[in-house]
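Below is one structure, written out as structure tokens; the observations come after it.
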Amino acid sequence: MGFAFACPSPLSYCSLALAPVSLRRQYHAHPAMISVLQPTPSTAAISVRLGSARRNTTAVRCFSALTPELKTTLDKVVTSHKVLVFIKGTKEFPQCGFSNNVVQILKSLNVPFETINILENEILRQGLKEYSSWPTFPQLYIDGEFFGGCDITVEAYKSGELQEILEKAMCS
């Protein structure tokens, strides 16, 4: 039996956990983005024409973690801080090397910033991926705008661009 996936956007997440590994690779599903959903009764056994052969498939309903309520909350949180980083862990104890890199860069620049631990809430973690259109963490926001993840932050720091952007943000 095969599986059919019809996601409204590439950032929605589906239950690819039930699919064969080759299909997961085909859809570029990262294990961190997989959540387990059950097929709905109305879509559990549909027949889809694939080329000249007819195969039984199971359609799996996809959904967006970014509800209107979560989007409104994220808008308020992101705009209420000059510099905000969604990280794995806390400012005092980052639990990921990439999160630690961004925290250390901001600390070295003596910039006041807040962090939010995304490990505490799965819906927040998935919703942020859609909110920012960025699939990984940390996620740095400056003056209410998404700046980037670890690699972008490190490159901007090395080039001096990050310092300039932060100075402008602190003065606004």
Side-chain angles (χ1 to χ4, degrees), residues 2-21 23-46 48 57-103 106 111-153 165-166 169 172:
F3 293 88
F5 301 96
C7 297
S9 82
L11 292 171
S12 295
Y13 55 103
C14 305
S15 177
L16 296 178
L18 301 173
V21 172
L23 185 61
R24 283 189 293 229
R25 284 192 199 112
Q26 177 184 347
Y27 283 90
H28 307 290
H30 188 277
M33 296 178 73
I34 295 173
S35 68
V36 177
L37 303 175
Q38 295 301 317
T40 63
S42 62
T43 61
I46 62 172
V48 175
T57 64
T58 298
V60 179
R61 184 177 19 165
C62 300
F63 64 93
S64 172
L66 186 61
T67 63
E69 296 82 12
L70 180 56
K71 183 183 181 318
T72 300
T73 300
L74 287 171
D75 286 340
K76 288 177 185 174
V77 170
V78 165
T79 57
S80 67
H81 301 286
K82 290 285 185 182
V83 181
L84 175 66
V85 192
F86 291 94
I87 66 170
K88 293 178 180 177
T90 64
K91 186 188 306 190
E92 295 77 24
F93 188 66
Q95 295 181 337
C96 147
F98 300 112
S99 295
N100 186 53
N101 287 346
V102 172
V103 166
L106 294 174
V111 175
F113 67 98
E114 296 298 323
T115 61
I116 295 179
N117 183 357
I118 55 100
L119 294 175
E120 295 176 346
N121 187 315
E122 175 67 21
I123 297 296
L124 172 64
R125 184 165 54 250
Q126 294 302 329
L128 273 165
K129 292 175 183 181
E130 294 176 52
Y131 182 78
S132 64
S133 298
W134 196 258
T136 60
F137 294 95
Q139 292 184 6
L140 174 60
Y141 288 79
I142 301 173
D143 223 4
E145 297 290 323
F146 176 67
F147 181 77
C150 181
D151 292 344
I152 290 172
T153 303
I165 291 170
L166 288 170
S172 64

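Between the side chains of Glu122 and Gln126, at least one donor N or O lies within less than 3.5 Å of an accepting N or O.
To the nearest 0.5 angstrom, Glu145 atom CD is 11.0 Å from Ile165 atom CD1. Phe113 contributes atom CZ, which lies 5.0 Å from atom CG of Leu106 (distance to the nearest 0.5 angstrom).
Of all the heavy atoms in Val85 and Ile87, the pair that sits closest is CG1-CG2, 3.1 Å. Taking every heavy atom of both residues into account, Leu70 and Ile123 meet most closely at CD2-O, 3.9 Å. In plain terms, the two heavy atoms of Gly148 and Thr153 that are nearest each other are O-OG1, 4.1 Å.
Judged purely by atom type and a 3.5 angstrom limit, Glu130 uses its side chain to pair as donor or acceptor with the backbone of Ala65.
For the pair Gln139/Leu128, a side-chain contact is recorded, criterion being any heavy-atom separation below 4.5 Å from C-beta on. At a threshold of 4.5 Å between non-hydrogen side-chain atoms, the residues Leu140 and Ile152 do not count as touching. Between Thr90 and Val103, every side-chain heavy-atom pair lies at or beyond the 4.5 Å cut-off.
The list of side chain to side chain donor-acceptor pair (under 3.5 Å) pairs with a residue in residues 91-103, not counting sequence neighbours, reads Asn100-Gln104. Applying the salt bridge (Lys or Arg N to Asp or Glu O under 4.0 Å) test to residues at least two apart or on different chains, the pairs with a partner in residues 70-85 are Lys71-Asp75, Lys82-Asp143.
For Phe137, the ring-ring contact (aromatic ring centres under 6.0 Å, His included) test picks out no residue, with sequence neighbours left out. Listed by chain and number, the residues in a side chain to side chain donor-acceptor pair (under 3.5 Å) with Asn117 amount to none (sequence neighbours excluded). With sequence neighbours left out, the side chain to side chain contact (heavy atoms under 4.5 Å, CB included) criterion links Phe98 to Cys96, Pro138, Cys150. With sequence neighbours left out, the side chain to side chain contact (heavy atoms under 4.5 Å, CB included) criterion links Glu114 to His81, Leu84. For Thr136, the side chain to side chain donor-acceptor pair (under 3.5 Å) partners are Trp134, not counting sequence neighbours. Residues passing the side chain to side chain contact (heavy atoms under 4.5 Å, CB included) test with Asp151: none are found, sequence neighbours excluded.
Ring-centre distance between Tyr141 and Phe86: below the 6.0 Å cut-off.
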